[in-house]
Number of protein chains: 2
Amino acid sequence: MADSTDPRITRSREAILSAARELLREDGPAAVTHQNVAKRAGVGRATVYRHWPQPRLLLDDTMAGVRMPFFRDPVPPVRPWLARQMRTLADELALPEVQAVTAALFHGAPDEPDAIARREQLIATISGQLGTALDSATRTGELQASADLLDTPAIIIGPLVFRSMFERRPVTDAMIDHLLNAIGTWTTPGSSPPADQADVGRGRDGGGA
Amino acid sequence: MADSTDPRITRSREAILSAARELLREDGPAAVTHQNVAKRAGVGRATVYRHWPQPRLLLDDTMAGVRMPFFRDPVPPVRPWLARQMRTLADELALPEVQAVTAALFHGAPDEPDAIARREQLIATISGQLGTALDSATRTGELQASADLLDTPAIIIGPLVFRSMFERRPVTDAMIDHLLNAIGTWTTPGSSPPADQADVGRGRDGGGA
DNA sequence: TGCTTCTGAGTCAAGTTGTCTCATAAGATG
DNA sequence: CATCTTATGAGACAACTTGACTCAGAAGCA
């Protein structure tokens, strides 16, 4: 075989995946069929079958093509770092592609092992980074956690996901600050006393109603 | 027409909806087709088409047949009432049917107005009751809220949904207590000082790892 | 008993899915 | 530039699904 450097292959694959992503975003995972994708990509139906014999593989690669949110490596002090990650996460959760992929995580049979694995994998990265960060913050004395560390992903990320997927409203900086305060008592290391404890820039607040 | 008291009609409808619910629970919303449902219900395919001409209507009625979580009317003192509602909500969110319906809320095109309306309707009842309760608790001085009231549904319910849909682990009573404390400062009206502020019975905790 | 109407079985056209074949053109190789 | 290799699009194909329709018969009702 021609390895996978054949420009015809790359061209086809890219056109197909791009079309598939559009379909996923616009019409949901059920619309990502070989036929639909081929038509939109301007490509023969057989070509799609050739590259992705099973529909599941096609949908998987389509979802993998969307850059999903993640947490960067933690940098002390932890609180402002975490505030930034949450702000970014909230913003990315508002993007149509990200929402489409998140919804697609629940497509198909509810307790299909693969589906469960996909959901776990998405949150594993974020939860892992979060755990490391809070661990370190606790050791340095920056944070006195008031909740089980195993619960913090749900407490921190849950509201952001809920806000974007169910309520479909933007996450305010005030809400992020509040969630940060909810996981324990923060001590600004070295600098001034915890006057107001706000880390995310002003300006996005007041988006209520 | 024979009104809708004709036993044949009720029999068919019940058999069909019951079969549809099974399919929804086991294989997801995409499996709720006229053909599948008819086969499982032991009913003619035409009969299903007769009662639900469009697939969407069939799925809607199937979802409506699953008792979804809600919050009862608030009863003072608010904190223990809310703790009970959250405990019940968490338990019901763990049920396969409820998870299936929740997942089905995100089936189809992401920004189809009907889909958005269905999601909003589910949380509207709960958010409404929650708002009323926290309002009253604030007036009576039981609660000094530290977050925007518009954010509390996300802060309170978000983690429970996240825990059940993404993490697929049980919600501990400790987590509920923590979430309650997160929305503000509670004052036990009349009785003893807020020693430990725990309202949900012991016993479900320690379900970590 | 007789009348109404719901039901299951079956038929049918249209569309979808997955597989295969083949001429052609695009790319690699010398 | 000539030749070989291989990905592609078009089309054919059987199997299946979807939605609409017909009809005899059974179930319920008066």
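Per chain, numbering begins at 1; letters A, B, ... match sequence-line order.
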- Under a 4.0 Å heavy-atom criterion, the protein footprint on nucleotides 18-27 of chain D, written with B, S and -, is BBBB----BB
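- Dashed line: the shortest gap from a side-chain N or O of B/Ser12 to OP1 or OP2 of C/dT7 is under 4.0 Å.
- Shown here are the side chain to side chain contact (heavy atoms under 4.5 Å, CB included) partners of A/Arg45, two or more places apart in sequence or in another chain: A/Gln35, A/Ala38, A/Tyr49.
- In terms of the side-chain hydrogen bond (donor to acceptor under 3.5 Å, both in side chains) criterion, A/Glu97 has no residue partners (sequence neighbours excluded).
- A/His51 pairs by the side-chain hydrogen bond (donor to acceptor under 3.5 Å, both in side chains) definition with nothing, not counting sequence neighbours.
- Between D/dG9 and A/Thr47, a contact under 4.0 Å exists linking OP1 or OP2 to a side-chain N or O.
- Between the CD1 atom of A/Ile9 and the C1' atom of C/dA28 there is a distance of 12 Å, given to the nearest Å.
- The separation between B/Asp6 atom CG and C/dC3 atom C1' is 14 Å, rounded to whole Å.
- As rounded to whole Å, 13 Å separates atom P of C/dC6 from atom CD1 of B/Ile16.
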Listed pairs under 3.5 Å, donor-acceptor, residues 113-121 of chain B side chains, sequence neighbours left out:
{"from": "B/Arg118", "atom 1": "NH1", "to": "B/Asp60", "atom 2": "OD1", "distance (Å)": "3.4"}
{"from": "B/Arg119", "atom 1": "NH1", "to": "B/Leu105", "atom 2": "O", "distance (Å)": "2.9"}
{"from": "B/Arg119", "atom 1": "NH2", "to": "B/Pro110", "atom 2": "O", "distance (Å)": "3.0"}

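- Taking five base pairs at each end of the helix from C/dT1-D/dA30 to C/dG30-D/dC1 and finding the rotation axis that steps the C1' atoms of four pairs onto the next four gives two axes whose angle is 30°, to the nearest 10°.
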With a cut-off of 3.5 Å and sequence neighbours excluded, list every side-chain donor-acceptor pair involving residues 24-31 of chain A.
{"from": "A/Glu26", "atom 1": "OE1", "to": "A/Arg40", "atom 2": "NH1", "distance (Å)": "3.3"}
{"from": "A/Glu26", "atom 1": "OE1", "to": "A/Arg40", "atom 2": "NH2", "distance (Å)": "3.3"}
{"from": "A/Glu26", "atom 1": "OE2", "to": "A/Arg40", "atom 2": "NH1", "distance (Å)": "3.4"}

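- Heavy atoms only, all atoms of each residue included: B/Gln85 and B/Phe70 are closest at OE1-O, 4.2 Å.
- A/His51 has a side-chain polar atom (N or O) that falls below the 4.0 Å cut-off from OP1 or OP2 of D/dT8.
- For residues 149-163 of chain A, every residue pair satisfying the salt bridge (Lys or Arg N to Asp or Glu O under 4.0 Å) rule, not counting sequence neighbours, is listed here: A/Asp151-B/Arg163, A/Arg163-A/Glu167, A/Arg163-B/Asp151.
- Remark: P of C/dT17 and CG of A/Leu59 are 14 Å apart, rounded to the nearest angstrom.
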Please report, to 0.1 Å, the donor-acceptor pairs under 3.5 Å made by any side chain of residues 153-161 of chain A, with sequence neighbours excluded.
none

